[in-house]
Amino acid sequence: MTIKEKEDALVSEFGMFDEWMDKYSYIIELGKEMPLIDEKHKDPQHLISGCQSRVWLNAEIKDGKIQFTADSDAVITKGIISLLLKVVSNEEPKDIAGANFGFLEKIGLKDHLSPTRANGLVSMVKQIKLYAKAFQLKNMN
Amino acid sequence: MNINIEKIRSDFPILSHKINGKQLVYFDNGATNQKPMQVINCISDYYSNMNSNVHRGVHQLSQNATTAFEESRKYVADFINADSEKEIIFTHGTTESINLIANSFENIIGKGDEILITVMEHHSNLVPWQQLCFKKGAKLKVVPITDEGDLDMVFLDSMLSEKVKLLAFAHISNVMGTINPVKEITAKAHKLGIPVLIDGAQAIAHAKVDVTDLDCEFYCFSAHKAYGPMGMGVLYGKQQWLNNLQPYQYGGEMISTVSFEKTAFNELPYKFEAGTPNVAGALAMAEGLRYIDNIGIGNIVEHEDDLLNYATNKLTDIDGMRIVGRSKNKTSVISFLVGDIHPYDIGTLLDQMGVAVRTGNHCAQPLIDNFCIPGTVRASFAIYNSREEIDYFIGALKKSLAMLA
């Protein structure tokens with residue numbers, strides 16, 4: 001599946017929920033299934049400071065595709081990270097660099113990516129793209 | 001109870017709003033409280049009927065604006081029982097009031113001197129002193145608190161000395177609601193000739209503030225935490241102190257005569273009010289204080305105490321509940337954590353149900369670090385809040401906890 005296809009799949013999945021509670025319960029569940037960052041990487045280097053909740057992110061490249069792992073101390077933040085990682089993990093750097101995560105707006109979670117939200121997600125999206133760019137440059141050399 | 005909550009609520013247009021499809025329950029009053037029609041109308045009325053610059057025009061409008069502006073100052077002076085309106089400096093808010101004094105104290109503080117603050121200070125009553133100390137080679141000393149969230153008076157006594165050039169502390173903690181024994185502490189400082197600055201941001205709408213009785217040198221507060229507008233605040237200072245301090249900013253209204261060689265500064269309070277002031281803000285601030293007066297601060301305290309006790313009892317029944325700040329003497333601010341659930345998660349789910357609370361470190365990071373916690377959820381009440389809203393909040397909280405368990 002392409003990034004676009006994965007985004008569309010999530011949008012239709014979330015379309016099933018009429019109630020906000022079901023939606024958030026699902027987000028919390030997704031967080032529990034996320035590929036967790038290795039404890040040894042939970043260091044200041046991998047920490048994305050977001051004021052209220054802390055987020056750690058790591059990326060490794062395998063067969064030309066990036067594998068992301070992450071964690072957060074807030075479970076809703078963690079669930080939303082898992083959504084982002086579902087979309088970009090196991091993709092090529094050049095595709096990730098172009099992703100815009102527009103699906104979050106369609107499933108009513110855009111607010112969580114607002115720069116004023118102070119949950120670290122905006123910085124995390126930036127960091128995902130930085131990893132993608134760095135691996136892209138590495139491939140070219 | 002001597003107040004009619006329904007009638008009070010009808011004064012606040014925002015309270016009838018829906019958030020995420022639910023009736024708004026506004027429990028973030030520690031950050032800012034909502035504005036009654038009287039205050040909103042006052043701003044609109046000023047710009048519709050009175051707007052002009054103050055203290056300079058000979059024309060009628062300017063004189064009307066100046067009179068109203070100075071009457072507001074008088075109202076503020078009476079509200080906090082200051083000796084004279086000369087002691088009331090209009091600022092942008094508590095933060096600017098504190099920065100003004102920190103700036104003007106540059107001539108007073110020297111190497112080896114000490115400034116004393118407490119662990120429970122908001123960043124606004126910490127960073128200006130810290131930076132002043134860096135600049136002047138002085139030492140910032142911090143009075144610790146007890147587990148309940150009271151100031152440790154034994155430590156305070158041992159830290160007061162001739163080296164201390166200023167004691168700055170909060171009247172009421174914005175995180176824990178602790179009401180500090182301001183008068184007693186001020187008297188202790190005065191025994192050693194130490195001037196006292198009080199951050200009254202959280203007190204002005206929730207406790208009787210009488211600067212003559214407290215006898216503090218400086219008292220700071222913001223209008224927007226007292227049913228008034230944002231961007232407006234007060235620095236109260238004893239006249240002899242304000243007279244001796246250097247101006248903070250230069251230009252405009254704070255000048256009496258200017259030549260290219262020298263400038264004579266205006267008298268109090270104008271010496272500290274450079275530039276065109278926020279006239280509408282001053283009028284609306286007085287209107288907010290008038291709103292408090294009309295209800296009566298005694299009635300407000302009684303109502304908010306009732307809400308505090310009611311909510312505290314209900315929260316205490318919840319498994320894993322930890323209330324941060326359990327002073328016997330507190331206002332209607334409740335900070336809490338449940339088990340190891342992150343405050344951010346609780347705040348996010350409460351928001352989905354229309355309940356506005358604050359989460360995080362509340363601009364008091366050192367205090368939060370002091371408790372070794374990631375932050376808290378904070379519910380803080382005001383005059384228009386009700387027991388019914390607390391019931392709804394408790395229900396919403398239990399729902400959130402079930403989802404997060």
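Reminder, nothing fancy here: chain letters follow the sequence lines and each chain counts from 1.
- Crowding of B:Lys22 atom NZ: a count of heavy atoms from other residues, nucleotides or ligands under 6.0 Å exceeding 12.
- More than 12 non-hydrogen atoms from other residues, nucleotides or ligands lie less than 6.0 angstrom from CD of B:Gln23.
- Atom NZ of B:Lys399 sits in a sparse spot, with 12 or fewer heavy atoms from other residues, nucleotides or ligands closer than 6.0 Å.
- Between the OH atom of A:Tyr24 and the CG atom of B:Leu349 there is a distance of 7.5 Å, given to the nearest 0.5 Å.
- From A:Asp73, atom CG reaches atom CD1 of B:Ile341 across 13.0 Å, with rounding to the nearest 0.5 Å.
- Other residues, nucleotides and ligands contribute only 12 or fewer heavy atoms inside 6.0 Å of the CG atom of A:Asp63.
- From A:Thr77, atom OG1 reaches atom OH of B:Tyr344 across 5.0 Å, with rounding to the nearest 0.5 Å.
- Nearest heavy atoms, A:Val75 versus B:Asp345: N-OD2, 2.5 Å.
- Put simply, of B:Asp340, B:Asn20, B:Thr359, the one with the most heavy-atom pairs under 4.5 Å next to chain A is B:Thr359.
- In this structure, B:Met403 and A:Ile28 approach most closely via the heavy-atom pair O-CD1, 3.8 Å.
- Note that CD of B:Gln352 is 11.0 Å distant from CD of A:Glu19, once rounded to the nearest 0.5 Å.
- At most 12 heavy atoms of other shown residues, nucleotides or ligands fall within 6.0 angstrom of atom CG in B:Asp147.
- Atom CD of A:Glu5 is surrounded by more than 12 heavy atoms from other residues, nucleotides or ligands within 6.0 Å.
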